[in-house]
Peer 1: 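Got a structure here, written out as structure tokens. Questions coming.
Proteins come first, then strands; the chains are lettered A, B, ... in the order of their sequence lines, and each starts at number 1. In what follows, every heavy atom counts, from backbone to side chain, and hydrogens, waters and symmetry copies are set aside.
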Amino acid sequence: MKHVLESVESQFEMFQVLNENGEIVNKDDMPDLSDEELKELMRRMVYTRILDQRSIALNRQGRLGFYAPTAGQEASQLGSQFALEQDDFLLPGYRDVPQLIWQGLPLYQAFLFSKGHFHGNQMPENVQALSPQIIIGAQYVQTAGVALGMKLRGKKNVAVAYTGDGGTSQGDFYEGINFAGAYGAPAIFFVQNNYFAISVPVEKQSAVKTLAQKSVAAGIEGIQVDGMDVLAVYAVTKHAREHAINGDGPMLIETLTYRYGPHTMSGDDPTRYRTDELNDEWEKRDPIVRFRKFLEEKGIWSEEEENKVVEDAKEDIKKAIKEADNYPKQKVTDLIGNMYEELPVNLQEQMEEYKEKESK
Amino acid sequence: MAQMTMIKAITNAMQTELKNDENVLVFGEDVGQNGGVFRATEGLQDEFGEERVFDTPLAESGIGGLSIGLGLQGYRPVMEIQFFGFVFEAMDSINGQMARMRYRTGGAHNAPITIRAPFGGGVHTPELHADSLEGLIAQQPGMKVVIPSTPYDAKGLLISAIRDNDPVLFLEHMKLYRSFRGEVPEEAYTVDLTKADVKREGKDVSIIAYGAMVHSALKAADELEKNDIDAEVIDLRTVSPIDIETIIESVKKTNHAIVVQEAQRQAGVAANVVAEIQERAIMHLEAPVLRVTAPDTVYAFSEAEEIWLPNEKDIIEKVNTVIDY
Ligand SMILES: Cc1ncc(C[n+]2csc(CCOP(=O)(O)OP(=O)(O)O)c2C)c(N)n1
């Protein structure tokens, strides 16, 4: 019987296109991307790494609020986002701000989100997304709903949820993948397995060998991907998207990745639960270094080009943080006005009260 | 006696009870090696081992259900909800299940569970981290809801909660964790879960508060004294069930009362206190009992939270209104 039980796990071997040395190890699945597109992927990863570094610095200076570092996860975040279309609907977690930015959320709004201003949650008209979810797993059940809605409306789009490894322990995770599976809804459930849910390593999170195999219980497709390999992540997401749109149901994607920084900038100390050796091991798999090698080998990337991206990013960030700083402060009366479509009596009264308080 | 912050007093209470009773188990997200995101369980896993102090998978509903099950096996679970805003996932376990265990089994089973959670605002957390949801659980018969305002009370009340054979929600205001120190005995002691505390005696007005608002009320009382208004400040400590006797005794003396809560105005603990006062002591009142609360919106986004939260100025204003009525 043992071999029967083991057979499920054997179906979930990690998928890779580009190895740690930037060599193609899986020609058959090399995505069909032009040189320009390949360079764009690199540009986005480098830009996002700089954005992460600057955001951490701005947070330390007190110019940003809540911030969850992203360095290390660029391939997972941006490889998947690059495979999406503009009208696909994103339901991200608190760490998934880069996907929103590349989907079209202006940087200054991302900063306002960090500062705890609701304008940071108001997506531009061309961006189909909710702002980052704080409640772990809530986006999974909601994604099933968005995807079912798309199916009922006959849209050719997908709904995409992002969580981490810890998120797969929540009941909402199972309910979301199960509902989407039962309805054959066009959803992509994206688990960025960065090995730690704050301090808890994935082996303590669950006895499961891969998170991808949780798809089996919902009867949907699942795959584990090298999350430091931007080409693999892109290829798998592209496949999942087509699969979903063709009516073949949702897919669960697990990417193996790592966050280099602390969990968030609000007091987490990763030295309490991670070793330098583990950090070094993962930095050797860095998605940017690996992809740079690949592009340089192909002769389509140079140091100058990369420096230009770095300078552009810094310039954009400087402008955006100024814009965020100068954006009108939100008032309690704004919040009162947003509670209902029409103000009920209790809030009418309180509106007057707080108008007076704010005018002082 | 040692000087401790509230968070140290809380750690100390758990340590005391882990030592005192081998049935006490402490668990939740990140409470083990990491010592909790606020460090409330710091050092406990090292001292008591992974069987007694442990990390759970990331699932509040699971944590709640696990507590009920362990309780049925004779353990005394002390479960942590990392931030109280995440309690919704565990609401069935709390309000739907543990609160009615004794009731539905005719006393054959109980749920000797303590739920600890940081709550309250003013520390610029992201959305859903700072809500004051005590009213939701206070409305559930079968639950006790305890909110300490000092390090001394925190230790004594938490030990009482852990020893209590019924489920107790123990809410720790984030702003009070490290904002000041107080005297806390090293040894085990309990503080009665059924008694409010008269923090300051006065004859002109009763200010009834709990949690961080007790400190705002005390500051307001100092200010009011400069204008010859002598305020009595009552710390409820347990918001469900409420020690109504202490309150009525005070109102009979002062003939004026206001109730202060950080939570939104609609429903909630303050509304209940006002109702109790008017039912039992209306003939002793010289003015309506007024409330100081946050407005009826969802907890404010970080940038607006300072104005949104009630403060000592609001308290002074309301006191003046009832005194001048
Ligand atoms: C319902 C809920 N419970 C707990 C938390 C607190 N919390 C925030 S992030 C986190 C760990 C999440 O880990 P994982 O899902 O692996 O994502 P990662 O942060 O690693 O990207 C926890 C416990 C929360 N935000 N929501």
Peer 1: I need the T297(B) OG1 to N346(A) CG distance, nearest 0.5 Å.
Peer 2: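 Result: 10.5 Å between the selected atoms.
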Peer 1: Quick check on V298(B) against chain A: is it the side chain, the backbone, both or neither that has a heavy atom closer than 4.5 Å?
Peer 2: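 Backbone plus side chain of V298(B), per the 4.5 Å heavy-atom cut-off to chain A.
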Peer 1: In Å and rounded to the nearest 0.5 Å, what is the CZ to CD1 distance from F83(B) to I135(A)?
Peer 2: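 Between F83(B) CZ and I135(A) CD1, I get 10.5 Å after rounding to 0.5 Å.
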Peer 1: Check whether any side-chain heavy atom of T125(B) sits under 4.5 Å from a side-chain heavy atom of F66(A), and report yes or no.
Peer 2: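 No, side chains not in contact.
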Peer 1: Please confirm whether the backbone N or O of H117(A) pairs with a side-chain atom of E303(B), one donor and one acceptor, at under 3.5 Å?
Peer 2: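 Flag not set: sc E303(B) to bb H117(A) has no pair under 3.5 Å.
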Peer 1: Would you name the heavy atoms of A304(B) and K331(A) that are closest together and state the gap between them?
Peer 2: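 Reported closest heavy-atom pair: CB-C, 4.4 Å.
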Peer 1: Looking at every non-hydrogen atom in both residues, tell me the closest pair between I134(A) and H129(B) and how far apart they are.
Peer 2: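 Result for this residue pair: CG2-CE1, 3.2 Å.
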Peer 1: To the nearest 0.5 Å, what is the distance between CG on D296(B) and CG on L335(A)?
Peer 2: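 Spacing of CG (D296(B)) from CG (L335(A)) equals 13.0 Å.
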Peer 1: If you draw a 6.0 Å radius around CZ in F54(B), do more than 12 non-hydrogen atoms from other residues or ligands fall strictly inside?
Peer 2: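 More than 12 within 6.0 Å, yes.
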Peer 1: Please state whether the side chain, the backbone, both or neither of N121(A) comes within less than 4.5 Å of a heavy atom of chain B.
Peer 2: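 Answer is side chain: those atoms of N121(A) sit under 4.5 Å from chain B.
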Peer 1: Kindly indicate, with the supporting measurements, whether the criterion salt bridge (Lys or Arg N to Asp or Glu O under 4.0 Å) is fulfilled by K357(A) and E317(B).
Peer 2: CA-CA 12 Å; K357(A) 225 175 163 181; E317(B) 221 179 278; over 6 Å; no
Peer 1: If you compare all heavy atoms of Q170(A) against all heavy atoms of A59(B), which two are closest, and at what distance to 0.1 Å?
Peer 2: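 Nearest heavy atoms, Q170(A) then A59(B): OE1-CA, 3.5 Å.
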Peer 1: May I ask you to check whether over 12 heavy atoms, not counting those of E51(B), lie within 6.0 Å of atom CD?
Peer 2: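 Atom CD in E51(B) is not packed in, count stays at 12 or less.
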Peer 1: Around R100(B), counting heavy atoms of other residues, nucleotides and ligands shown, do more than 12 lie under 6.0 Å from its CZ?
Peer 2: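 Count not over threshold, so no.
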Peer 1: Would you compute the distance between atom OG of S169(A) and atom CD1 of I63(B) and round it to the nearest 0.5 angstrom?
Peer 2: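 Spacing of OG (S169(A)) from CD1 (I63(B)) equals 10.0 Å.
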Peer 1: Any donor and acceptor pair, going by atom type alone, linking the side chain of D30(B) with main-chain N or O of S199(A) inside 3.5 Å?
Peer 2: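 Flag set: sc D30(B) to bb S199(A) pair under 3.5 Å.
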Peer 1: I'd like to check E29(B) versus V200(A) (side-chain heavy atoms, cut-off strictly below 4.5 Å). Are they in contact?
Peer 2: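 E29(B) vs V200(A): side chains apart.
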Peer 1: By a 4.5 Å heavy-atom criterion (distance strictly below it), what part of K329(A) contacts chain B: side chain, backbone, both, or neither?
Peer 2: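 Looking at K329(A), backbone and side chain both touch chain B.
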Peer 1: Under 4.5 Å heavy-atom distance to chain A, tell me which part of D55(B) shows up: side chain, backbone, both or neither.
Peer 2: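 Contact with chain A is through the side chain of D55(B) alone.
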Peer 1: Within a 6.0 Å radius of atom OH on Y273(A), are there more than 12 heavy atoms belonging to other residues, nucleotides or ligands?
Peer 2: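 Check passes, neighbour count above 12.
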Peer 1: Which atoms of I198(A) come close to chain B, meaning under 4.5 Å heavy atom to heavy atom: side chain ones, backbone ones, both, or neither?
Peer 2: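 Both backbone and side chain of I198(A) come within 4.5 Å of chain B.
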Peer 1: A quick test of your reading: do over 12 heavy atoms of other residues, nucleotides or ligands sit less than 6.0 Å from CZ of F180(B)?
Peer 2: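 It does: F180(B) CZ has more than 12 such atoms within range.
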Peer 1: Below 4.5 Å from any heavy atom of chain B, which atoms of D269(A) appear? Answer side chain, backbone, both or neither.
Peer 2: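 Answer is both: backbone and side chain atoms of D269(A) are under 4.5 Å from chain B.
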Peer 1: With rounding to the nearest 0.5 angstrom, report the CD1 to CH2 distance, I336(A) to W308(B).
Peer 2: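 These two atoms lie 10.0 Å from each other.
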Peer 1: May I ask you to decide whether E349(A) forms a salt bridge with R265(B), counting only side-chain N to carboxylate O separations under 4.0 Å?
Peer 2: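 Looking at R265(B) together with E349(A), the answer is no, because their closest N to O distance does not fall below 4.0 Å.
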Peer 1: Of the backbone (N, CA, C, O) and the side chain (C-beta and beyond), which part of E305(B) lies under 4.5 Å from a heavy atom of chain A, both, or neither?
Peer 2: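 For E305(B), no heavy atom lies under 4.5 Å from chain A.
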Peer 1: Is any NZ, NE, NH1 or NH2 atom of the basic residue among K204(A) and E50(B) found under 4.0 Å from an Asp or Glu carboxylate oxygen of the other?
Peer 2: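 Looking at E50(B) together with K204(A), the answer is yes, because their closest N to O distance falls below 4.0 Å.
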Peer 1: Could you walk me through whether E89(B) and D172(A) pass the side chain to side chain contact (heavy atoms under 4.5 Å, CB included) check?
Peer 2: CA-CA 9 Å; E89(B) 305 284 339; D172(A) 279 357; 3.6 Å; yes
Peer 1: Measuring from atom CD of E127(B) to atom CZ of F118(A), what distance do you get when rounded to the nearest 0.5 angstrom?
Peer 2: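 Here the rounded value is 12.0 Å.
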Peer 1: Chain A heavy atoms under 4.5 Å from Q82(B): which part of the residue, side chain, backbone, both or neither?
Peer 2: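 Q82(B) touches chain A through side-chain heavy atoms alone.
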Peer 1: Could you look at Q350(A) and say if it's the side chain, the backbone, both or neither that has a heavy atom under 4.5 Å from chain B?
Peer 2: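 It is the side chain, since no backbone atom gets that close.
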Peer 1: Quick check on R60(A): does its CZ atom have over 12 non-hydrogen neighbours (other residues, nucleotides or ligands) under 6.0 Å away?
Peer 2: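 It does not: R60(A) CZ has 12 such atoms or fewer within range.
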Peer 1: Can you say whether Y354(A) sits under 4.5 Å from chain B via the side chain, the backbone, both, or neither, judging by heavy atoms?
Peer 2: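 Side chain only.
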